[in-house]
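Just below is one structure, and these are the notes that go with it.
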Number of protein chains: 2
Amino acid sequence: MKQISSRFSIAVHTLCLIAVSSSEDCTGDYIAESVNTNPVVIRRIMGLLKKAGLVEVRPGVGGASLLKTPEDITLLDIYRAVHVIEDNQLFRFHEDPNEGCPVGRNIESVLQSELSEAQSAMEHRLAQTTLSQLTVKFK
Amino acid sequence: MKQISSRFSIAVHTLCLIAVSSSEDCTGDYIAESVNTNPVVIRRIMGLLKKAGLVEVRPGVGGASLLKTPEDITLLDIYRAVHVIEDNQLFRFHEDPNEGCPVGRNIESVLQSELSEAQSAMEHRLAQTTLSQLTVKFK
DNA sequence: ACCGTTGTAACTATTATAGTTACTACTCGG
DNA sequence: CCGAGTAGTAACTATAATAGTTACAACGGT
């Protein structure tokens, strides 16, 4: 069973940690210890979060901080930042169905629109939750 | 990017074909030709659809037919039948976060409930669409 | 009894992921 | 100005699931 990569849950964990810690504490090694993985895994994910404009990292000396308030970061923002699934690509489609068959010819367009509705429903739900809603539960 | 297996889209294609064709025509080879894949792939998926009580297959002579009307088969039924994602398992979670850290200790329970809401939202949308809504579009 | 079919097992190639090692470049404090 | 600690990144490995393939046994009707 193929699941959505744990990059996403690690990214959420990472951002929660940055939100509740002082900036200078938040080195890759510190985060890696809380997540319980290799620091390089964290640095890679931090690179994606930086590209998405969610965090900034102090090169050389280390430490990270948020570029938006936790109220303004949703799970959907994080999900998109780590490229875990692209637009309309949650469901893999079998390739080149037979054009000579009425079903084969039409299945893709007919089914894809339903699948993309389903994907949207999930993403819409992710957009309802902000980082701040999570961090209050660690107090 | 990990996507949900094309077993699902192939299963939907297969059931559409069974719904619009006469039972005796629906051999594995015939379906495989429409889907454009190897017959064994179809037989494996048919095995799952049988286990789920959606179709019956005539052994020896070949051919398949639905055990429910197309109005009573939803995309969610098919999605569950092909075991493409289990309950609450759409999102992979990183393992063994550090219990010594307030974030590490709580992240799983806090985040999992949001993620399972998101997964439910998607599945709820899949349950809205029936096989008959698809097949009318092939007429 | 034969032919076409289903049901499976076994193997391969492909793909994405997660973790690891190693190295470079950067910043600051001494 | 140098060294300690950190970030950034490339390269490699192990793992896992998938999709396709070959092969073969079992079945059923003509």
Side-chain angles (χ1 to χ4, degrees), chain A residues 1-11 13-14 17-18 21-33 35-51 55-65 82-86 89-97, chain B residues 1-11 13-14 18 21-33 35-52 55-65 82-86 89-97:
Chain A
M1 192 189 58
K2 271 193 183 165
Q3 298 174 285
I4 290 176
S5 165
S6 63
R7 270 206 306 282
F8 179 41
S9 68
I10 294 176
H13 186 147
T14 296
L17 215 44
I18 297 174
S21 311
S22 66
S23 169
E24 64 271 17
D25 287 344
C26 275
T27 66
D29 283 26
Y30 173 76
I31 297 168
E33 205 172 320
V35 170
N36 189 23
T37 186
N38 192 292
V40 176
V41 172
I42 299 299
R43 288 182 221 148
R44 279 199 286 242
I45 289 173
M46 291 288 282
L48 295 169
L49 297 175
K50 271 195 334 189
K51 268 192 207 158
V55 301
E56 69 183 349
V57 176
R58 300 193 314 177
V61 57
S65 45
V82 295
H83 295 137
V84 97
I85 291 292
E86 304 300 330
Q89 297 280 306
L90 175 59
F91 297 92
R92 177 163 172 192
F93 211 89
H94 55 288
E95 294 171 355
D96 299 318
Chain B
M1 191 189 57
K2 271 192 183 166
Q3 299 174 283
I4 290 175
S5 164
S6 64
R7 267 205 309 281
F8 179 40
S9 69
I10 295 176
H13 186 148
T14 296
I18 297 174
S21 311
S22 66
S23 168
E24 64 271 18
D25 286 343
C26 274
T27 66
D29 284 28
Y30 173 77
I31 297 168
E33 205 172 319
V35 170
N36 189 23
T37 187
N38 191 291
V40 176
V41 172
I42 300 299
R43 288 182 221 149
R44 279 200 285 242
I45 290 172
M46 292 287 282
L48 294 168
L49 297 175
K50 271 195 330 189
K51 270 193 206 157
V55 300
E56 67 183 350
V57 176
R58 300 194 312 177
V61 59
S65 45
V82 294
H83 295 137
V84 97
I85 291 292
E86 303 301 331
Q89 297 280 305
L90 175 59
F91 298 92
R92 176 165 172 190
F93 211 90
H94 55 289
E95 295 171 355
D96 298 319

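Just so it is clear: chains get the letters A, B, ... in the order the sequence lines come, proteins before strands, and each one is counted from 1. Model, not experiment: these values are computed from the prediction.
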Length of the line joining [X]:[atom1] and [N]:[atom2], which is rounded to integer Å:
X       : N      : atom1 : atom2 : result
A:His94 : D:dA19 : NE2   : P     : 11 Å
B:Glu24 : D:dG28 : CD    : P     : 18 Å
A:Glu95 : D:dT18 : CD    : C1'   : 13 Å
B:Glu56 : D:dG28 : CD    : P     : 14 Å

**Study point:** DNA chain C contacts among residues 41-49 of chain B, heavy-atom distance under 4.0 Å
**Key:**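 Contacting residues: B:Arg43, B:Arg44.
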Check your understanding: Checking A:Gln89 side chain against B:Gln3 main chain: does a donor-acceptor pair fall under 3.5 Å?
Key ->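 Not at all, since once roles are kept as given, no pair shorter than 3.5 Å links the two residues.
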Practice item. Would you please name every residue forming a side chain to side chain donor-acceptor pair (under 3.5 Å) with B:Asp25, sequence neighbours left out? Key: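 Residues passing side chain to side chain donor-acceptor pair (under 3.5 Å) with B:Asp25: B:Ser22.
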Exercise for review: Sequence neighbours left out, what passes side chain to side chain donor-acceptor pair (under 3.5 Å) with A:Ser9? Give chain and number order.
Suggested key: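 Side chain to side chain donor-acceptor pair (under 3.5 Å) list for A:Ser9, sorted by chain: B:His94.
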Over all atoms of both residues, closest heavy-atom pair of [X] and [Y]:
X       : Y       : result
A:Ala11 : A:Leu49 : CB-CD2, 4.3 Å
A:Val57 : A:Ala64 : CG2-CB, 4.2 Å
A:Ser6  : B:Phe93 : CB-C, 4.1 Å
A:Ile18 : A:Cys26 : CA-SG, 3.6 Å

Point to revise | Interatomic spacing from CZ in B:Arg92 to CD1 in A:Ile4 - rounded to 0.5 Å | key: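 Those atoms lie 12.5 Å apart.
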Check nucleotides 15-17 of chain D against the protein and report each pair of N or O atoms closer than 3.5 Å, with its distance, or say if there are none.
from	atom 1	to	atom 2	distance (Å)
D:dA17	O3'	A:Met1	N	3.0

Practice item. Could you list where the contact with chain B starts and ends along DNA chain C, reading 5' to 3', using a 4.0 Å heavy-atom cut-off? Key: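 Using the under 4.0 Å cut-off, the span is C:dG4 to C:dA18.
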Review point. Got a sec, which pairs hit side chain to side chain donor-acceptor pair (under 3.5 Å) with one end in residues 37-52 of chain B, sequence neighbours left out?
Key: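 Sorted result for residues 37-52 of chain B: empty, none.
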With the criterion being N/O to N/O and under 3.5 Å, what pairs connect the protein with nucleotides 1-6 of chain D, and how long is each?
from	atom 1	to	atom 2	distance (Å)
D:dG5	N2	A:Gly60	O	2.8

Exercise for review: Report the residues that fulfil side-chain contact (heavy atoms from CB on, under 4.5 Å) with B:Leu48, sequence neighbours left out, ordered by chain and then residue number.
Suggested key: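 side-chain contact (heavy atoms from CB on, under 4.5 Å) check on B:Leu48 returns B:Arg7, B:Val82, B:His83.
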Point to revise | Residues that B:Ser65 engages under side-chain contact (heavy atoms from CB on, under 4.5 Å), provided they are two or more places apart | key: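 Once residues adjacent in sequence are excluded, the partners of B:Ser65 under the side-chain contact (heavy atoms from CB on, under 4.5 Å) criterion are B:Ser23, B:Glu56.
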Exercise for review: Report the residues that fulfil ring pair (Phe, Tyr, Trp, His ring centres under 6.0 Å) with A:Phe91, sequence neighbours left out, ordered by chain and then residue number.
Suggested key: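 Counting only residues at least two positions away or on another chain, A:Phe91 forms a ring pair (Phe, Tyr, Trp, His ring centres under 6.0 Å) with B:Phe8.
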Review point. Are A:Ile45 and A:His13 side-chain neighbours, meaning at least one heavy-atom pair lies under 4.5 Å?
Key: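 Not touching, per the 4.5 Å side-chain cut-off.
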Check your understanding: What nucleic acid atoms does A:Val40 come within less than 4.0 Å of, heavy atoms only: base, sugar-phosphate, or nothing?
Key ->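 Base contact.
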